[in-house]
Amino acid sequence: MPELPEVEVVRAGLEPVFIGARIDAVEVFDTRSLKRHDARRGDFVGLLSGSTVISAERRGKFMWFPLDTGDALVTHLGMSGQVLLRAADAEPDRHLRIQLHVTHPTHGPLAINFVDQRIFGSMAVDELVQQQVGVPGAALRTVPSQAAHIALDPLDPDFDDDAFVRALRKKSTGVKRALLDQNLISGIGNIYADEALWAARLHGEKPGEAISAAKARELLAEVRSVLTKALAEGGTSFDAQYVNVNGASGYFSHSLNAYGQQGKPCARCGAEIRRVTFMNRGSHFCPRCQRR
DNA sequence: CTCGTGGCCTGATCGC
DNA sequence: TGCGATCAGGCCACGA
């Protein structure tokens, strides 16, 4: 459920208290939350203990926190993950999977709780690698090896619009599948895919190769618009002290035009929004505005 | 190589 | 009241 805007809100909220914090101790309550951690690189707890966080980064839905050891703590929220900032002596949260005990130079001792009901998310310690990605001539990027295959997100200044349009227009598969392909464009999940397709008046099952270059650029513009609006709403709604992204209450649901709107009139033409199952997930669209 | 499907996972909800 | 089935969808492994 957390897509780019929600993940960015978490990243930005953690940044001021995480940067400069030393990780004193780590408790893993459920090893399933370490499924993306490669144990051959070493013990998760051992690799983190005693290290200091340098920065807070994000690409698409991956977040990572480079450490003074040269590695990075990688976090993916999956479907239901949260990173909750708590007082050091706070009561444990429900579904607490991993807890970091940290000390920050000015904020003092804190607990950082990785909470994840459905365990689609994860934490890992991974090595950082350098890569060339994005528009030609863009500066080298440093990224965890496990996120190196993830494309830049469309809000990244180095995102290559031309390359995206070319790649989309070579695909025989539906445009929604392409929007959800994190190797092509990152940060978009089911909700904002449906929203962007509605705004661009595109049916999600329309093959990429059947979309004109102009329409592809329009879609990209709508993707950016949807993500930017959600980011602006999310950025104002969270508590600076406690970061809390929750699929139910934290979602920017009051401004949705397609997702979850089945049975309601289309805000543009009044036709009834439909919901169908596509790619094993719900797809919401206006049958009049969005023709296949 | 591209494309499409199944599996992981828990809790809320629904029908009987 | 209880119980099984269904649904939600992030990513990845795998097979065609």
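All values below come from the heavy atoms of this structure, side chains included, with hydrogens, waters and symmetry mates left out. Lettering follows sequence order; numbering is per chain, from 1.
Proximity of Arg94(A) to the phosphate of dT10(B): no side-chain N or O atom is located under 4.0 Å from OP1 or OP2. Distances shown here put every side-chain N or O of Ser80(A) at or beyond 4.0 Å from the OP1 or OP2 atom of dG11(B). In this model, the phosphate group of dG10(C) is not approached by any side-chain N or O of Gln182(A) to a distance below 4.0 Å at OP1 or OP2. Look at His95(A) and you won't find any side-chain N or O under 4.0 angstrom from OP1 or OP2 of dC9(B). Contact check, Arg177(A) against dT2(B): no side-chain N or O comes under 4.0 Å of OP1 or OP2. Using a 4.0 Å cut-off, no side-chain N or O of His149(A) falls inside it from OP1 or OP2 of dC11(C). Regarding contacts with the backbone of dT2(B), every side-chain N or O of Lys171(A) stays at 4.0 angstrom or more from both OP1 and OP2.
Taking the charged nitrogens against the carboxylate oxygens, Glu15(A) and Arg11(A) do have a contact shorter than 4.0 Å, which makes a salt bridge. A salt bridge links Lys176(A) to Asp194(A): one of the charged nitrogens lies within less than 4.0 Å of a carboxylate oxygen.
Atom pair Ile150(A):CD1 and dG10(C):C1' shows a separation of 11 Å (rounding to whole Å applied). Rounding to whole angstrom units, CG of residue Leu184(A) and C1' of dT2(B) are separated by 13 Å. Glu205(A) places its CD atom 10 Å from the P atom of dG4(B), with the value rounded to the nearest Å. In this entry the distance linking NZ of Lys176(A) with P of dC3(B) reads 18 Å, nearest Å. Regarding Ile191(A), its CD1 atom lies at a distance of 8 Å from the P atom of dG10(C), rounded to whole Å. Atoms CZ (Phe114(A)) and C1' (dC9(B)) sit 13 Å apart, rounded to a whole Å. Rounding to whole angstrom units, CZ of residue Arg118(A) and C1' of dA12(B) are separated by 10 Å. In this structure, His284(A) atom NE2 and dC7(C) atom C1' are separated by 12 Å, rounded to whole Å.
How far CG of Leu48(A) is from CD1 of Ile23(A): 4.5 Å, rounded to the nearest 0.5 Å. Atom CD of Gln82(A) sits about 13.0 Å away from atom OG1 of Thr75(A), to the nearest 0.5 Å.
Nearest nucleotide to the side chain of His76(A), out of dC11(C), dC3(B), dT10(B): dC11(C). Checking dC11(C), dG4(B), dC9(B) against the side-chain heavy atoms of Thr173(A) singles out dG4(B) as nearest. With dG11(B), dC12(C), dG10(C) as the candidates, the nucleotide lying closest to the side chain of Lys61(A) is dG10(C). Taking every side-chain heavy atom of Glu3(A) into account, dG10(C) is the closest of dG10(C), dT10(B), dC3(B).
Using the six-membered ring where Trp is involved, Phe164(A) and Phe159(A) have ring planes that are tilted, between 30° and 60° apart.
Toward the 5' end of DNA chain B, the nearer of the two residues Gly174(A) and Arg32(A), judged by each one's closest nucleotide, is Gly174(A).
For a distance-only test at 3.5 Å, the side chain of Arg281(A) qualifies as a donor-acceptor partner of the base of dG10(C).
At the heavy-atom level, Gly282(A) lies under 4.0 Å from the strands shown only through sugar-phosphate atoms. Residue Tyr259(A) is in sugar-phosphate contact alone, with no base atom involved, counting any heavy-atom pair closer than 4.0 Å across all strands shown.
Remark: the Thr142(A) side chain and the Gln130(A) side chain contain an N/O donor-acceptor pair separated by less than 3.5 Å.
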